[in-house]
Amino acid sequence: MGDVLAGFHAAWEFESDSVLIRYVRGIRTPKLFQALGERRVPLEAIEGVTLSPGKRGTVVLRLEPRPGADPLMEAAAGQLKESSDPYRLVLPAERETLAEYYADELRAQLTESGPAERHLVAAPEAPLQFKAYDGKATFDGTSVAFRWFWTGASSAKWKAGDQRFPVSELSGVEWRSPEVFEGHLRLLRRDTAVPAPAQADQDPAAVVFGLGYGPVHESLPFAAAVLAAVRSCSAVPAISSPAAGAGGVSSARRDPADIAERIRHLGELHQAGLVTDEEFSSKKAELLAEL
């Protein structure tokens, strides 16, 4: 096709075997888009195209990636806000006819559907790094390192010391958005002889987020890059649901200082409007019950 369709935050260039998405830089462009820069999405990674009404006189053209085709979306596990979906192109409503034309053209070229056997969309390139609340995470392409901050790391992490995990020793990544309470990035290890602590702040294989720490545009590309590296050296399924490691509260009593710190985090989220009054009261009660 070779044509370009420009929207508010991105421009799509339609090629014979792919769609090249270039994200626009600007104060209104989601930071995740700016961090990604551009992405080439092969047609074999797409299983559908939709066109629907948007907000305030817009229409939305969206590609539907196949499950497992994109490490970024696999790591996100459905946690991205709609406005931060990298597969959405928002256009003025008067361009609906043009958008419908491109949607039909794309549909006619799609031949694949269902889960992909491998990643088809390139992951963000290493080296990557970001600051979590309790430590700094770095990825050089072959291993992940966590360096703890004395102001935020739990006593369990200080006792374990700074950590380094070769990709070959990992089975996947668990990313829980920093935009919800108890956001974290946890590395899933092949050696499961010693079960990981239920709480990410006690697990030396995890870093926890907080207000202003581990933002989506930094921690999600990081998680996707690690996930892609794990997949490249193993056929083991690379990610579990974000709820998989978060269900239930450990029956063991926890350090009162850790509880106090988590309540402080919760208060920050509440003041920022990211946690409702009801959620704040409920979660605070849960934390106090662990003392």
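Positions are given from 1 along the sequence.
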* Asked: Given the rule in the side-chain contact (heavy atoms from CB on, under 4.5 Å) test, do Lys157 and Asp134 qualify, once you have shown the distances and angles that lead to the verdict?
  -> CA-CA 9 Å; Lys157 290 183 177 180; Asp134 57 356; 2.5 Å; yes
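- One finds no salt bridge joining Glu182 and Arg176 here, because no Lys/Arg side-chain nitrogen approaches an Asp/Glu carboxylate oxygen to under 4.0 Å.
- Ser113 places none of its side-chain heavy atoms less than 4.5 Å from the side chain of Arg66.
- In the hydrophobic clustering of ILVMFWY residues, with side-chain heavy atoms under 4.5 Å counting as a link, Leu43 and Leu20 come out apart.
- The two atoms that bring Ala229 and Phe139 nearest to each other are CB-CZ, 3.7 Å, heavy atoms only.
- Formation of a donor-acceptor pair under 3.5 Å by the Gln34 side chain with backbone atoms of Thr29 is found in this model.
- Rounded to the nearest 0.5 Å, atoms OG1 (Thr50) and CD (Glu64) are 5.0 Å apart.
- Closest non-hydrogen pair, Ala75 versus Ala223, comes out as CB-CB, 4.2 Å.
- Taking the six-membered ring for Trp and the full ring otherwise, Phe14 and Tyr102 have centroids separated by under 6.0 Å.
- Around atom CD of Glu117, no more than 12 heavy atoms belonging to other residues, nucleotides or ligands sit under 6.0 Å away.
- When all heavy atoms of Leu36 and Pro86 are compared, the closest pair comes out as CD1-CB, 4.1 Å.
- Under the 4.5 Å side-chain contact rule for hydrophobic residues, Tyr101 and Leu89 share a cluster.
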* Val59 and Leu51: side-chain contact (heavy atoms from CB on, under 4.5 Å), yes or no, with the steps? -> CA-CA 7 Å; Val59 292; Leu51 181 64; 4.3 Å; yes
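- Nearest heavy atom pair, residue Phe33 against residue Asp85, reads CZ-O, 3.3 Å.
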* Taking it one step at a time, do Leu5 and Arg95 satisfy side-chain contact (heavy atoms from CB on, under 4.5 Å)? -> CA-CA 10 Å; Leu5 184 61; Arg95 306 192 73 185; 3.8 Å; yes
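- Between Thr111 atom OG1 and Glu47 atom CD the span is 12.0 Å, to the nearest 0.5 Å.
- Within the model, atoms CH2 of Trp148 and CD of Gln163 stand 6.5 Å from one another, a figure rounded to the nearest 0.5 Å.
- A 4.5 Å side-chain heavy-atom check between Leu170 and Val226 finds at least one atom pair inside the cut-off.
- Side chains of Phe146 and Lys136 form no contact here, defined as non-hydrogen atoms less than 4.5 Å apart.
- At least one side-chain heavy atom of Ser177 sits less than 4.5 Å from a side-chain heavy atom of Val216.
- Arg40 and Ser18 are linked by a side-chain donor-acceptor pair at a separation below 3.5 angstrom, with hydrogens and angles left out of the test.
- Electrostatic pairing of Arg88 and Glu82 counts as a salt bridge here, judged by a charged N lying under 4.0 Å from a carboxylate O.
- Side-chain contact between Thr58 and Phe8 is present, with heavy atoms from C-beta onward closer than 4.5 Å.
- Both Val49 and Leu98 belong to a single network of hydrophobic side chains, linked directly or stepwise wherever heavy atoms of I, L, V, M, F, W or Y lie under 4.5 Å apart.
- The shortest non-hydrogen separation linking Pro124 to Ala224 is CD-CB, 4.1 Å.
- Donor-acceptor pairing under 3.5 Å is recorded for the side chains of Tyr87 and Asp70.
- Distance alone, capped at 3.5 Å, is enough to place a donor-acceptor pair between the Ser219 side chain and the Pro215 backbone.
- Taking CG from Leu187 and CH2 from Trp175, the interatomic distance works out to 15.0 Å, rounded to the nearest 0.5 Å.
- Trp12 is listed as a side-chain neighbour of Leu61, based on a closest heavy-atom distance under 4.5 Å.
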* Asked: Taking it one step at a time, do Glu74 and Leu227 satisfy side-chain contact (heavy atoms from CB on, under 4.5 Å)?
  -> CA-CA 9 Å; Glu74 189 173 353; Leu227 180 59; 4.0 Å; yes
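- In this structure, NZ in Lys159 is found 11.5 Å from OG in Ser154, a value given to the nearest 0.5 Å.
- Val90 and Leu32 are assigned to two separate hydrophobic clusters, defined by single-linkage of ILVMFWY side chains at heavy-atom distances under 4.5 Å.
- Under the 4.5 Å side-chain heavy-atom criterion for ILVMFWY residues, a single connected hydrophobic cluster contains both Phe222 and Tyr23.
- For Leu185 against Phe209, the heavy-atom pair with the smallest separation is N-CZ, 3.6 Å.
- The closest donor-acceptor contact from the side chain of Arg231 to the backbone of Gly172 lies at 3.5 Å or more, if one exists at all.
- The shortest side-chain heavy-atom distance between Pro166 and Glu169 falls under the 4.5 Å cut-off.
- Between Tyr213 and Val207, the closest side-chain pair of non-hydrogen atoms is not below 4.5 Å.
- Rounded to the nearest 0.5 Å, atoms CG (Leu220) and CD (Gln79) are 8.5 Å apart.
- For the residue pair Arg164 and Ser143, a side-chain donor N or O sits within less than 3.5 Å of a side-chain acceptor on the partner.
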